[in-house]
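Hydrogens, waters and symmetry mates play no part in the numbers below; they use all other heavy atoms, side chains included. Whatever order the structure lists them in is the order used to number ligands and atoms, beginning at 1. Numbering of residues begins at 1 and proceeds along the displayed sequence.
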Amino acid sequence: MTGEAPPGGANARTAHLRTRPLTLALPKGRLLDEALPLLGRAGFPLPPLNGSDRRLLVEEGGWRYLLVRPSDVPTYVEYGAADVGLVGKDVLLEQEPSVAELADLGFGACRLVVAVPGSSAIQEVDELDFHSRVATKYPRVAERFFQEQGLSIELVTLKGSIELAPAMGLAEAILDLTQTGRTLEENRLRVIAEVARSSARLIANPVRLRLREEALAPWLDRLLAAANEGGGTP
Ligand SMILES: Nc1ncnc2c1ncn2[C@@H]1O[C@H](COP(=O)(O)OP(=O)(O)OP(=O)(O)O)[C@@H](O)[C@H]1O
Ligand SMILES: O=P(O)(O)OC[C@H]1O[C@H](OP(=O)(O)OP(=O)(O)O)[C@H](O)[C@@H]1O
């Protein structure tokens with residue numbers, strides 16, 4: 001080892017990153033339905049894509065689109081496998097990834113709430129019993145929230161259908177997303193606290209943002225302008 005920089009130095013090592021197609025990680029599922037029209041309005045070159053498409057990587061007009069699970073979007077962006085990504089704020093609150101959150105895109109609005117059975121006498125979270133179990137897909141958000149309330153609660157982590165847990169005696173309360181309130185209502189649950197509000201966010205890998213600023217900036221500007229026209233708040 002001489003301690004010398006490799007031939008070409010850092011510029012040569014990052015050259016391929018500057019020339020490869022820009023890469024956007026998109027969440028499969030419900031956010032995609034609103035993300036695609038927004039990208040279209042912003043002038044992104046989009047191949048025909050729909051929910052039944054099985055391709056996970058599509059390339060068009062200098063952009064690569066990765067179609068990944070919503071909860072995996074931050075991972076792709078954090079590791080630089082994607083330069084930018086679209087993801088719900090709920091996922092960012094849960095994972096706290098090392099990414100730059102650039103803007104609120106204004107769609108996918110929903111709330112993270114604590115709910116109990118409608119028949120329960122509980123009106124406030126601090127009335128939850130010391131031994132209560134709370135079912136959630138967001139254990140880190142829940143842990144922080146109940147800690148802030150000074151409550152020591154047992155968390156039961158589930159992957160979905162959270163609203164079923166109280167009826168089956170698995171938990172006394174839930175912490176989950178609600179949008180229209182229909183799932184809560186149809187499972188006879190009542191909100192006792194709002195934990196956070198969520199909507200779709202534009203995130204970026206901070207290093208990629210710097211390295212590829214010239215190429216990325218005009219696209220991101222157009223995306224934010226289109227989100228604003230659609231009611232988003234960057
Ligand atoms: N009922 C809803 N109304 C509006 N937005 C929602 C609703 N449910 C979820 N979202 C938002 O959409 C995002 C994706 O939700 P979706 O149900 O498509 O995937 P998921 O099953 O949560 O993803 P994963 O497979 O990664 O667990 C959520 O992270 C949230 O930001
Ligand atoms: O207030 P609403 O409009 O009824 O929406 C809320 C529901 O939407 C999400 O579930 P999803 O449909 O993603 O299914 P999941 O239970 O498998 O996560 C969320 O977890 C709630 O269950």
Has Glu94 got a side-chain atom pairing as donor or acceptor with Val141's backbone, closer than 3.5 angstrom? yes
What are the atoms of ligand 2, with element, lying closer than 4.0 Å to any heavy atom of Ser161? 15 (P), 16 (O), 17 (O)
For atom 22 (O) of ligand 2, the closest protein heavy atom turns out to be Glu163 OE2, 2.6 Å
Applying a heavy-atom distance cut-off of 4.0 Å, which protein residues contact ligand 1? Gly29, Arg30, Leu31, Arg69, Pro70, Ser71, Gly88, Asp90, Val91, Gly108, Ala109, Cys110, Lys137, Leu177, Gln179, Ser198
Can you check which of Ile174, Leu164, Leu177 brings a heavy atom nearest to atom 19 (C) of ligand 2? Leu177
Tell me if a side-chain donor or acceptor on Ser198 pairs with a main-chain N or O of Cys110 at a distance below 3.5 Å. no
N/O separation below 3.5 Å, Gly181 to ligand 2: yes
Any idea which protein heavy atom is nearest atom 8 (O) of ligand 2, and the distance to it? Arg30 NH2, 3.6 Å
Which atoms of ligand 2 have any heavy atom of Thr183 under 4.0 Å away? 2 (P), 4 (O), 5 (O), 6 (C), 7 (C), 22 (O)
Step by step, would you call Asp104 with Arg201 a salt bridge (charged side-chain N to carboxylate O under 4.0 Å, His left out)? CA-CA 5 Å; Asp104 182 344; Arg201 305 295 157 103; 3.6 Å; yes
With the side chain counted from C-beta on, respond yes when Pro21 and Glu59 share a heavy-atom pair under 4.5 Å apart, and no when they do not. yes
Distance filter under 4.0 Å to Asp176 heavy atoms, resulting ligand 2 atoms: 19 (C), 20 (O), 21 (C), 22 (O)
Within 6.0 angstrom of Glu143 CD, more than 12 heavy atoms from elsewhere: no
Return the orientation label for the Phe44 and Tyr65 ring planes: parallel under 30°, perpendicular over 60°, tilted otherwise. tilted
Starting from atom 18 (O) of ligand 2, find the nearest protein heavy-atom neighbour and note its residue, name and distance. Lys137 NZ, 3.8 Å
Return yes when Lys159 approaches ligand 2 closer than 4.0 angstrom through a heavy atom, no otherwise. no
Using a 3.5 Å distance criterion without hydrogens, assess whether the side chain of Arg190 forms a donor-acceptor pair with backbone atoms of Ile122. yes
Protein contact to atom 3 (O) of ligand 2 [nearest heavy atom, distance to 0.1 Å]: Thr180 OG1, 2.6 Å
In the single-linkage hydrophobic clustering (I, L, V, M, F, W, Y; side-chain heavy atoms under 4.5 Å), do Val134 and Leu151 co-cluster? yes
Which atoms of ligand 2 have any heavy atom of Arg182 under 4.0 Å away? 1 (O), 4 (O)
Hey, is atom 11 (P) of ligand 2 touched by any protein heavy atom at less than 4.0 Å? yes
If Ile, Leu, Val, Met, Phe, Trp and Tyr residues are connected whenever their side-chain heavy atoms lie under 4.5 Å apart, and connections chain through other members, are Leu26 and Val73 in the same group? no
Among side-chain atoms of Arg197 and Ser199, is any donor-acceptor pair under 3.5 angstrom? no
Student check: side-chain heavy atoms of Asp90 and Leu112 closer than 4.5 Å: yes
Side-chain touch Val87/Leu31, heavy atoms, less than 4.5 angstrom: no
